[in-house]
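Quick note on labels: first sequence line is chain A, next is B, and so on, each numbered from 1.
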Amino acid sequence: MIALIDCNNFYASCERVFNPKIENKPVIVLSNNDGCVIARSNEAKALGIKMGEPAFKLKNLIERYNINIFSTNFALYGDLSKRVMNVMSAEVDKMEIYSIDEAFLDFTDYASKERGIAIKKKVQQWTGIPVSVGIAPTKVLAKVAGYIAKKHTKAGVFMFNDEGLIRRALNVFKVEDLWGIGRKTAKKLKAVGIHTALQFRECDSNWIRRHLSINGVRLQKELYEEVCYPIEVTRKRKQNICTARSFGTEIKKLSKLKEAIGSHANTCATKLREEKSCCNSISIFLSTNPFKLQAKQYNPYKVIQLDVPTNDSMEIVKTAIKGLESIYRDDCIYKKAGVIVGRIVPQEQTQLSLFDSLDREKRKRINVAVDKINATMGKNKVKLAVQGNGRKWKLKQEKLSPCYTTRFTDILEVVI
DNA sequence: TCTGGGGTCCTAGGACCC
DNA sequence: TCTGGGGTCCTAGGACCC
């Protein structure tokens, strides 16, 4: 048996942990640049605020209901996530961290609703984060159980313990709410009369294989309690690493774009070194504002293949800038820029080139030193000149909460 | 005025090989 | 004049997830 533990309204809940004033009040968290709603407390959901809705469209609602708004504070959410995962992992032998707010726990040894309730209580008490628990024989069914736990139970814990119960639940479970069925597939299924999870389960497998993909067949099997997605304990090496941001204000000048691309490239390089990986390709992309219909649209993308795998900041930044220069056009106004490093390999398995002229040992020592300084003194204390000092392309974050757990100056003081 | 960021997996089709 | 069959690898694009 597998338990899916999912944090409720995770980012909104994180904001509440150190700010009890907003308990039981509507809370929303916005994406970068304070653009869209990416998390809502139950009270905010009840007001009809939708996921992904642009913040500017909510102005009236926000004022009328006194909604508490926050810019994303990933330092806080990342740290609280770690705490939640630590509490849960101590409870089981095997656990897979699926996302920042979800994990699959192995309940094979002993599965019961009581065990779910106990873990839920402990996480709540030790971290302040509310969770819901779905327990079932497969991941897909655990997702269904988790959904039911969150929406239809008081305890926030739900377990599938017999086929009769599974069948009854699937009969009223919408097919589009299944894990792995997105908008397009749901439309396709409804067109042939499949509206519920039960109808999907009983549908002809060959049809599913033809019209969905192999994952459609796996999904179907999992609904019949056959495990196709086992719990994966070891963290896989990332295959791609992407750093991209929209600009606070739009940019036209190449020099400013260089600062942005240079910074994103440097971030990618740092992430690569954290993963102990090297990349074989560097891609960069730009995009204009797709919402400005009258403006000229231009979304170039350039991939550069490398001869020698690298995670050296200077080399990656230099290559990215070269790519930028090759796609830049001065008659467009840009809204977003990004860098992707791909074809990633473990850093100890890199293949050298006969014609390589770089002193890689020396570069490695520089990077180690820079990483060390930035880890202890603060992000970007040491950076490359091309990253600039300009704040022009930086994010808009007007409602940022304190980093209660990761910055000394932000730690709460208790006055006795 | 203002519209996010970071991933994975799968498939089709092209290029190439014998 | 007639022009096969079987395979691999790579990439772009689609769909999905949180």
- Query: Taking protein heavy atoms under 4.0 Å as touching, what does nucleotides 7-18 of chain C look like 5' to 3' if B marks base contact, S marks sugar-phosphate-only contact and - marks none?
  - Reply: --------SSSS

- Task: Nearest whole angstrom, please: distance from the P of B:dT3 to the CG of A:Leu293.
- Result: 13 Å

- Parallel, tilted or perpendicular: rings of A:Trp179 and A:Phe104 (30°, 60°): tilted

- Can you list the residues that meet the ring-ring contact (aromatic ring centres under 6.0 Å, His included) rule with A:Phe285, with sequence neighbours excluded? none

- Note on the structure: When pairs are called at under 3.5 Å and a stem needs at least three consecutive Watson-Crick or G-U pairs, the stems of DNA chain B are B:5-18 with C:5-18

- Note on the structure: Residues in residues 63-88 of chain A with a heavy atom under 4.0 Å of DNA chain C, by number, are none

- Message: Taking any heavy-atom pair under 4.0 Å as a contact, classify A:Arg235: base, sugar-phosphate, or nothing.
- Response: nothing

- Could you state the CD1-C1' distance from A:Ile38 to B:dG6, rounded to the nearest angstrom? 12 Å

- Item | Nucleotide B:dC2, atom P - distance to CD of A:Gln397 in whole Å | 19 Å

- With heavy atoms under 4.0 Å as the rule, sort A:Leu30 into base, sugar-phosphate or nothing. nothing

- If you look at every strand shown and take non-hydrogen atoms under 4.0 Å, does A:Lys335 touch a base, only sugar-phosphate, or nothing? sugar-phosphate

- Listed by chain and number, what are the salt bridge (charged side-chain N to carboxylate O under 4.0 Å, His left out) partners of A:Arg168, not counting sequence neighbours? none

- Item | Atom-pair distance (NZ on A:Lys57; C1' on B:dC2), nearest Å | 11 Å

- A:Trp207 meets the ring-ring contact (aromatic ring centres under 6.0 Å, His included) criterion, sequence neighbours left out, with A:His211

